[in-house]
Amino acid sequence: MGERVALGTFPLTDRLVFLVFIILVAIPILSPIGLPIPVTDATKKSFKLMDSLKSGDILVMCFEQDMGTFYSGAPPDEAGLRHAFTLAKQRGVKVILFGTSSAGCKVYIDAILMDTKPYWEPLRYGEDWVNFGWLPGFETAMAGFARDVQGTCKVDVYGKRVEEIPMMRGIKTLSDVTGIWYSTNTNPDMLPRQWSPLEYKGLKWTICQTLFASVPWIMPYVDKGSITGYVADQRGAGEYEMLLGKLGMGATFMDAQSLGHLYGIALIVMANVHYLYTRSKTSKSKEEK
Amino acid sequence: MYLKGFELFVFAALCLLVYLGIERAKRKPPEVRPFPALEHIDEAVGRAAEMGRPVHFSTGLGGLHDEWAPVTTAGLAIMGEVAKACGKYRVPMRYTTVLSYLVPIAEDLIKFGYDTAGHVELYNPDMVVYTGEEQRAMMSAMMGYIMREKPAVNMLFGATKYETINFLGTGAIAGCMQFGGTPRLYYLPVMMVTCDYCLLGEEVYAAGAAVTKEPSQLGSIKGIDHFKIFVLGWMIVSLILALAGLDWFGKLIKM
Amino acid sequence: MALVLKRREIPIAIFAVVSLLLLADYFTGAWPDVAKETIGWAIILWMFSYVLGVTSLFRYHLTRIQKRSQYWAYSVVLIVCVFVYLLSGLLGGVGGFSGIPASKAFNDFLWLNVLAPLQTGILSYVGFYMYTIFFRGARTRSWDVGIMMIVTIILMLNVAPVGMALWEGFGPLGDWFKDVINTGSYRGIMIGVGVGLIAVWVRAMLGYERAFLGELSRGAE
Amino acid sequence: MEWYIAVIEAVMMLFAWSLLYRENPFYRLGEHLCIGLYLGFTLHMGIDVLLKRVFVPLATGKGTTGLVMATILGLLFYTRYVKPAAFLGRWSTGVLMGVGSGVAVMGAIKPMIVGQLEQGSWFAPGMKGFNNFVMTVATASTIAYFLFTYKPVGWLRHAATVGRVFLMACFGVTLGTFLLSNIGFPIGMLMKLVVPPGVYVSLLAVAVMAFDVVSGRKRPATS
């Protein structure tokens, strides 16, 4: 299809496919269309879990992302973070932030904090929430955090020692934590392996925020209960924002995603129609010969 | 201390079956179903020779130090074969990698391949291109290379991640003949639709042996098949037992 | 002596001992510390090996510059970039030692404002090329590809919020495909992949699979 | 954010995207910047980790026997540059391969083989029983499809065909769900490229492209 028409070294049709995609996606970004977002049960469940936090409960938010995965990770993470900070303000929930996978985690956390500034500004740092940045070691760090919180989180991003942070007093192991928001790209299996609510008595639930494509992967864990709930990708973000009642990055993404998917379907259909048409034409010309 | 009894049993049984398969094959070579992807390597390299364009090969992001060691080994084994074909048709090849310890291995392997085909003078250390240890760097290098040089054949065998799409998508636009193989489920459909010939799932592992056409190597594939028959039998028997209300196997698995 | 040391059996034996040790620990839990230490070695060895790759890369680009090959100027850019980033990073602090804050800030700027958008841009081709794949590859050349495409369309409508708005049935239908068909078939693939992987290990143990030593496998020489 | 930083970011993104149009000097520049900066980053991280984990402990006398051995094995890689001793580098490769394949085999036995042997009951109430039945058929037929050394005749041929149908449906599921995560990247980037100040850079890029299209007509198509 794309072979015959060429501009320079690049088949023209491919460029056209990309161009149409860019235009289609730019429309909802410039003026949101507001296509409907049905909320799935999984996101509803995760929202309810977060909403069940009470005064004094500890929420750990671990972000295994970097700037490369910002656009798939940030919309749901920001929705979750907004919810967490709102709860911290209204009910006195305490929030701990960090990442373990790579040095990029710290940058990523800074970036999403930048976007949620109005939500954490009224809070007291060190008493309501704390940011440990990057705790090196990935799964080892996760295992370390589960058994010895103080030993793993030695200093926060500002270089403050953990002993000097008031809210960290009394948090010794994972059993002292109530809930976990674990955001990952393609490594969701670390969560049930290291931080399972089945293993740690005090830990009531874990929410895994992961790529949509990773959802089938975590389903067995969700069935067994070693992951309690999940929020999937930008779609989960859109739904979560609906539940929060304040639309943001996720909702814009969802409009663009809907158009993108419809475009994909249209391309498949077009490619097949063209293929069948040319095939019937060639077979006809063969018959004539 | 503990003992994972059942797992050890399964593992030992599998190793034994593979070993017996190899031993038996020395006397009576088994018949292995042909893998189109391997059968057509020679033809594709021949086409590259006609077009006067290079062959590009990559094993993706997986390396030897992580859990993708076996599939990388299988991919490298296929690369040895491709190097041989390239030597035969006097076609330059290029191997892109993100793992520095693969550089000497690939250099030796390609040189060995060209040497076996009798054209060691064509070998050049620049055939192995290292792009730093990061996936995105590799993606950019491969995409730029494919668009600039337009290799005739584009091959990707190994534990591949996101770069599969960039690599094979660019190849499709540049009009390369494409070969692929990976055991990673995410990227199988992408390979399926963009490659002319591809190895699905475990076929990559088997191909590492089948590419040599040596009886004892083929014997290991026979061993794998025996084990799979054993698994099928296991499934049937456990279902029959479950119908009878017995849960022996369920308990056995947890041992 | 040197001849004995040069034999290929030695690296294969090292490989066998290391992997058997890890497996023995896995099955019995006898030496968890030794196993952990050995896995840690792999990371250290990998980092030591960087020099091999970097030497190869520099040789490649320096030859290009020397020969004034086509596009040699870009090789200069590349080499300058390596040193600028590395030096600013090292001066900004390394290995637990603190350094010059200005250098660290410059390094952060390179990472966050130059490299991050660039690499996201490169990565975003996975989105664009999905359409190339649909457009070029998704032709029903045979009945089985037809099945694949129909399921793909159903799942796309399941995934995109607009699909559920068009017809609510796409939700449960797509979920059924995901939970039942996908899980069932995936299991079969998984078993095969696991078995194949162990077979490669056995072949390597027996000395048939030698590609990791830079040699053609036995029977292919 | 400062406006010039936003401009630099937009320029970098468009460098990367320019390959969508065609192979060009901007992409080449972006490509080499990307490789170079990433290599600098990798080396920085490598030196950082080696200092923290190896050299500082060794220098301060805290090194264990294991660490010394790892260091020696690591240094053996460099024998590659000394022809007579080049074979020693393979020993280190042997260790790497040993660890890698050991980890791989460990990870394969339980989750890939033993864990998958468990079957759900066919007589579970409601849809569940039927679903379990379908799952069993899918698993068994997929395994049958991947039998390499048996001739596909008789029942095996039918089983393999069924296996292929399930395999294709499974691929369809993966492909269909894959799009959402993947197009998230370009959409996210467009969010920066269609609003000021990114949009000015985008317009400039469009102008350059338009100029190339107009002047490109006169060139032979192989440039």
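By convention in this document, chain letters (A, B, ...) are assigned in the order of the sequence lines, proteins followed by strands, and residues within each chain are numbered from 1. Since the structure is predicted, the reported quantities are computational estimates derived from the model, not experimental observations.
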Could you tell me which portion of [X] (side chain, backbone, both or neither) has an atom closer than 4.5 angstrom to a non-hydrogen atom of chain D?
X: C:Phe83; answer: neither
X: C:Leu57; answer: side chain
X: C:Met149; answer: side chain
X: C:Tyr50; answer: side chain
X: C:Val84; answer: neither
X: C:Asp179; answer: backbone
X: C:Val77; answer: side chain
X: C:Ile147; answer: side chain

Let's go through D:Phe146 and C:Val195 carefully: what are the C-alpha distance in whole Å and the side-chain angles of both, what is the deciding distance for side-chain contact (heavy atoms from CB on, under 4.5 Å) to 0.1 Å, and is it a yes or a no? CA-CA 11 Å; D:Phe146 281 120; C:Val195 172; over 6 Å; no
Check each atom of D:Val56 against the heavy atoms of chain C and say whether the ones under 4.5 Å are side chain, backbone, both or neither.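 It is the side chain, since no backbone atom gets that close.
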Taking it one step at a time, do D:Met168 and C:Val151 satisfy side-chain contact (heavy atoms from CB on, under 4.5 Å)? CA-CA 9 Å; D:Met168 286 299 142; C:Val151 178; over 6 Å; no
Side chain [X], main chain [Y], donor-acceptor under 3.5 Å:
X: C:Tyr125; Y: D:Ala16; result: yes
X: D:Thr142; Y: C:Ile189; result: no
X: D:Tyr78; Y: C:Phe48; result: yes
X: D:His44; Y: C:Gly89; result: yes

Nearest heavy atoms of [X] and [Y], plus distance in Å:
X: C:Asn113; Y: D:Met12; value: O-CG, 4.3 Å
X: D:Gln116; Y: C:Arg187; value: OE1-CG, 2.7 Å
X: D:Arg90; Y: C:Lys6; value: NH1-O, 4.5 Å
X: C:Val180; Y: D:Met135; value: O-CG, 3.4 Å
X: D:Glu9; Y: C:Leu112; value: OE2-O, 3.9 Å
X: D:Ile113; Y: C:Ile198; value: CD1-CD1, 3.9 Å

Choice from D:Ala108, D:Gly66, D:Gly102 maximising heavy atom contacts with chain C below 4.5 Å: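 Most heavy-atom pairs under 4.5 Å with chain C: D:Gly66.
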Out of D:Ala85, D:Gly46, D:Ala140, return the one with the most heavy atom pairs under 4.5 angstrom to chain C.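 With the most close heavy-atom pairs to chain C, the winner is D:Gly46.
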Among D:Asn131, D:Val165, D:Val134, find the one that has a side chain to side chain contact (heavy atoms under 4.5 Å, CB included) with C:Ile181.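 In the set D:Asn131, D:Val165, D:Val134, the residue that makes a side chain to side chain contact (heavy atoms under 4.5 Å, CB included) with C:Ile181 is D:Val134.
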Does atom CE of D:Met69 have more than 12 heavy-atom neighbours from other groups under 6.0 Å away?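 Counting other residues, nucleotides and ligands, CE of D:Met69 stays at 12 neighbours or fewer.
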Flag if over 12 foreign heavy atoms under 6.0 Å of OH, D:Tyr200: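 Atom OH in D:Tyr200 is not packed in, count stays at 12 or less.
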Would you say D:Leu67 and C:Trp41 make side-chain contact, with heavy atoms under 4.5 Å?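 A side-chain contact is absent here, since even the closest heavy-atom pair is not under 4.5 Å.
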So, do D:Pro25 and C:Tyr74 sit near enough that their side-chain heavy atoms are less than 4.5 Å apart?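 Yes. Closest side-chain heavy atoms under 4.5 Å.
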Ignoring hydrogens and geometry beyond distance, is a side-chain donor-acceptor pair present between D:Thr139 and C:Tyr186 at under 3.5 Å?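 Looking only at side-chain atoms, C:Tyr186 and D:Thr139 do not form any donor-acceptor pair under 3.5 Å.
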C:Ser19-D:Ser101 side chain donor-acceptor pair, cut-off 3.5 Å: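 Their side chains do not contain a donor-acceptor pair, so the 3.5 Å distance test is not met.
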Once rounded to the nearest 0.5 Å, what's the spacing between atom [atom1] of [X] and atom [atom2] of [Y]?
X: C:Ser49; Y: D:Leu96; atom1: OG; atom2: CG; value: 7.0 Å
X: C:Leu110; Y: D:Phe41; atom1: CG; atom2: CZ; value: 12.5 Å
X: C:Ile122; Y: D:Phe15; atom1: CD1; atom2: CZ; value: 11.5 Å
X: D:Leu73; Y: C:Ile14; atom1: CG; atom2: CD1; value: 7.0 Å

Hey, mind stepping through C:Val54 and D:Thr42 against side-chain contact (heavy atoms from CB on, under 4.5 Å) and telling me if it holds? CA-CA 10 Å; C:Val54 175; D:Thr42 312; over 6 Å; no
What orientation do C:Trp111 and D:Tyr38 show, parallel under 30°, tilted 30 to 60°, or perpendicular over 60°?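 Perpendicular: the ring planes of C:Trp111 and D:Tyr38 meet at over 60°.
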Show your reasoning for whether ring-ring contact (aromatic ring centres under 6.0 Å, His included) applies to D:Trp17 and C:Phe128. CA-CA 10 Å; D:Trp17 277 16; C:Phe128 289 113; 5.0 Å; yes
